[in-house]
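Numbers here simply count residues along the sequence, with the first being 1. Because only heavy atoms are used, hydrogens play no part in the values below, and waters and symmetry mates are left out as well, while side chains stay in.
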Amino acid sequence: GVNRVHLAESLSAGIEILNRHKVDTVLLDLKLPDGQGTENIEKIRETAADVPIIVLTGLDDESYALRALQHHAQDYLVKGKITSGNLMRSIRFAIERFYWQSQYFQYLIDLPLAVIIVDEQHFIRFANPVAQQLLEIESARPFVFVKYPFPKKILPSFEIHYRERVLSIRSSIIQYQTRPCHIITLNDITIQKQHSSAADRLASGLKKASAQILTCLEEMTAPAVIVDHEEHFEFCNQRFLDLMSLDDIGQIKGKRWHDFPEQFTPGSVEQIEEAFHAKLVANVYQPVEKICVSVTGLTFCINLTTYNS
């Protein structure tokens, strides 16, 4: 039941009571000598953000009541139709609804991700601190009334350029203040896009460089071969095939020096491996898998198409 009731005949008197006493619920008339309409709700919210509000109105107008709910009242009652039963039900409902709303919004406020809620008229009604910073919204509270800055058609997922940033936007439909609204997350992916663009340019450059290297190897008069970090053959020029008395690169691809004992004696293989591994150790922190050395007239070339991120 109700233990104590504070009565105020004006908005300013009600605010003074809220500053002096802890209350569980506010029954707020929207027509007061010093305050009219939904502005009364806003002023009470500024003073007591953690108290549920039940609006009392003499207007039996559902649209007017809905406007009150959109300004973060928890319920409304029409004067002249109030009974002890519906008053107590409304108080219990307002307290419970406010509790769950507070828990939900506190979760959104604490998220490290930008979150906004946008109504059907494309106004932002809620913006957590991360979203306020990202969208440059100046407000001491998360409940705002700011025009949505992006295209009116809100898609489930899209990317957009906004003030020299690239934002990844995801949206879903929720019920907010009795109406369908969009809850939207905004992720600043500017740096990722820059890295992706740089990686694309690098990959393009590596492909061009690789093609140039292969052309140079093919035109070399000396034997040349590309091997991987485990010394498997991957490419060779015609001069190397002639040296090996082979007709096609397919005959050596994937094989190693030891697979050709007639062309490479154990001593020459050992010399090759020593030079190869000396260079491999020297380049162990380089972001490539193929190492370039020159030994016994053969060229081991870096394969720029293989890149470890």
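Just one of Val78, Leu28, Ile82, Leu30 meets the side-chain contact (heavy atoms from CB on, under 4.5 Å) condition when paired with Leu56; it is Ile82.
Around CD of Glu39, the count of heavy atoms belonging to other residues, nucleotides or ligands within 6.0 Å does not exceed 12. In Leu155, the CG atom is crowded: over 12 heavy atoms of neighbouring residues, nucleotides or ligands sit closer than 6.0 Å.
Residues Phe126 and Val118 have side chains not in contact (no heavy-atom distance under 4.5 Å, counting atoms from C-beta outward). At a threshold of 4.5 Å between non-hydrogen side-chain atoms, the residues Leu113 and Asn128 do not count as touching. You'll find the side chain of Ile183 reaches within 4.5 Å of the side chain of Val115, heavy atoms only. Counting only heavy atoms from C-beta outward, the side chains of Ile17 and Leu7 never approach each other to under 4.5 Å.
In plain terms, the two heavy atoms of Asp188 and Leu167 that are nearest each other are CA-CD2, 3.8 Å.
Taking SG from Cys181 and CD1 from Ile173, the interatomic distance works out to 8.5 Å, rounded to the nearest 0.5 Å.
Ala94 meets the side chain to side chain contact (heavy atoms under 4.5 Å, CB included) test with Pro52, Ile54, Gln74; sequence neighbours excluded.
Ser168 and Arg170 share a side-chain donor-acceptor pair at under 3.5 Å. If you check the side chains of Asp242 and Gln238, you find a donor sitting under 3.5 Å from an acceptor.
For residues 99-124, the salt bridge (Lys or Arg N to Asp or Glu O under 4.0 Å) pairs, not counting sequence neighbours, are Asp119-Arg125. Residues in residues 6-16 take part in these salt bridge (Lys or Arg N to Asp or Glu O under 4.0 Å) pairs, two or more places apart or across chains: Glu16-Arg20.
A donor-acceptor contact shorter than 3.5 Å links the side chain of Asn40 to the backbone of Asp29.
Cation-pi geometry between Lys147 and Phe123 is met: under 6.0 angstrom from the ring centre, within 45 degrees of the axis.
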- [ ] Start with the C-alpha gap between Phe105 and Tyr107, add the side-chain angles, then the distance that decides, and say whether ring-ring contact (aromatic ring centres under 6.0 Å, His included) holds.
- [x] CA-CA 5 Å; Phe105 285 118; Tyr107 169 76; over 10 Å; no

